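Worksheet: the structure to be examined is printed underneath.
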Amino acid sequence: MDKDFYELLGVSRSADPTEIKKAYRNLARKYHPDANGGDEQAEEMFKAISVAYEVLSDPEKKARYDQYGINGLRGDAGFNSQGGGSFDFNLSDLFESFFGGQGFSSGFTRNSQGSNDVQAQVEITLSEAAFGVTKAVELKLDRACNVCFGSGAKEGSSPITCSICSGSGVTQELRQSFFGQMMVQNVCSTCSGFGSIIEHPCESCSGSGVSIQDLTLEVNIPAGVETGSRLRLSGQGPAGPRGSSPGDLYVSIFVEVDDSFERHGDDLVGVQNISFLSAIFGINIPVKTLDGNEMLHVPPGSKSGDIFKLHGQGMGRLRGRGRGDILIYINVDIPSVKDLTEEQKQLLKDFAQSTGEEIDESNVNHTLFEKVKRAFS
Ligand SMILES: [Zn+2]
Ligand SMILES: [Zn+2]
């Protein structure tokens, strides 16, 4: 860019803004890439006049250019005489490039949108969730083609540099924006942003550089995960086209419902049935835990709803150390009168008599009457 900006636009140094704009418009129409079928010289010219116009249409930049030449603009926000790099077109970047920040230069990455990510689901048991587990996940994923090793080019050939964007993967375009006319950079449509073109595509992958493969991935699932937990395996997603960076693999966890425990965060809640006699006299009873069996001491006089805690026997904590607890709810089984033998009924009546409590058997009879009625209806 050593040509004089006024010369480039074909205007005199005393040209007014309208003249400059008009000159630029005419030239832009002439050299626009769309109008020149990808001609490299036209492309270069288009870039050059665009930069020239960017400066001369801005009174402040124009003043600096008039006084110091191109050196007056070096390091200027929003000015990039090289035309390399790229810039995502959004308002915040726009502001940044005009009012500070790094201007137009920012690396171009094909996967910046994260569109190349993939999801997988893994089902695990409660116990696996408590302790963590390594699971083999089978899935079909794009991986680098094993014929061309991801290049997309046929054996013995290699991709050639894109002549439209000179390998940068981006092209420049002049746009009307909120701030007036400005240069924006677009993904090069000729090479789709790769910066290179494959003349002789690999026959195995048709030039994509990837092929779908059956994979078994070992996934380390940490202790404490729950249904809905999502693990991100960075870079383990599908291979990007033509050797570009791979996406991420997201693994969603589904924890199976457990027969013995209900989960409450890091704690597990279970229910232990005991007989009314055990409730009265107390009992040592084995209860199932994640680690095996644990002897639970239920003291005499326990009631339904009493809770016993097994410290540190619950779920591993996803964040932090140690484990939650197991809470055992006691449920006292009260036998139904219909399940009692005549002898047992008599013993209970004798017990009642000893405490002075009266037994009201009308409800029992009522129930029997109901039963009979139902049987005949
Ligand atoms: Zn291939
Ligand atoms: Zn290109």
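These numbers were taken from a predicted model, which means no experiment stands behind them. Read the numbers this way: they start at 1 and go in the same order the structure lists the ligands and their atoms.
At a cut-off of 3.5 Å, with distance as the only test, no side-chain donor of Gln313 or His311 sits close to an acceptor on the other residue.
By the 4.0 Å N-to-carboxylate-O rule, Lys154 lies close enough to Glu203 to be salt-bridged with it. Note on Asp66 versus Lys62: salt bridge recorded, some NZ/NE/NH1/NH2 to OD/OE distance being below 4.0 Å. With respect to the salt-bridge test (charged N to carboxylate O, under 4.0 angstrom), the residues Glu128 and Lys135 qualify.
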Please table the atom pairs, donor to acceptor, closer than 3.5 Å between any side-chain atom in residues 17-28 and protein atoms at least two apart or in another chain.
| unit_1 | atom_1 | unit_2 | atom_2 | d |
| --- | --- | --- | --- | --- |
| Glu19 | OE2 | Asp16 | N | 3.4 |
| Tyr24 | OH | Ser50 | OG | 3.2 |
| Asn26 | ND2 | Lys22 | O | 3.4 |

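From Leu310, atom CG reaches atom CD1 of Ile326 across 5.5 Å, with rounding to the nearest 0.5 Å.
Among Arg317, Arg321, Arg323, the single residue meeting the salt bridge (charged side-chain N to carboxylate O under 4.0 Å, His left out) criterion with Asp266 is Arg317.
Both Val332 and Ile280 belong to a single network of hydrophobic side chains, linked directly or stepwise wherever heavy atoms of I, L, V, M, F, W or Y lie under 4.5 Å apart.
Distances shorter than 2.8 Å separate the Zn ion (ligand 1) from the protein N/O/S atoms Cys145 SG, Cys148 SG, Cys202 SG, Cys205 SG.
Among residue pairs with one or both ends in residues 295-309, those qualifying as side-chain hydrogen bond (donor to acceptor under 3.5 Å, both in side chains) are Asn284-His297; sequence neighbours excluded.
Of all protein atoms, those of element N, O or S that lie under 2.8 Å from the Zn ion (ligand 2) number 4.
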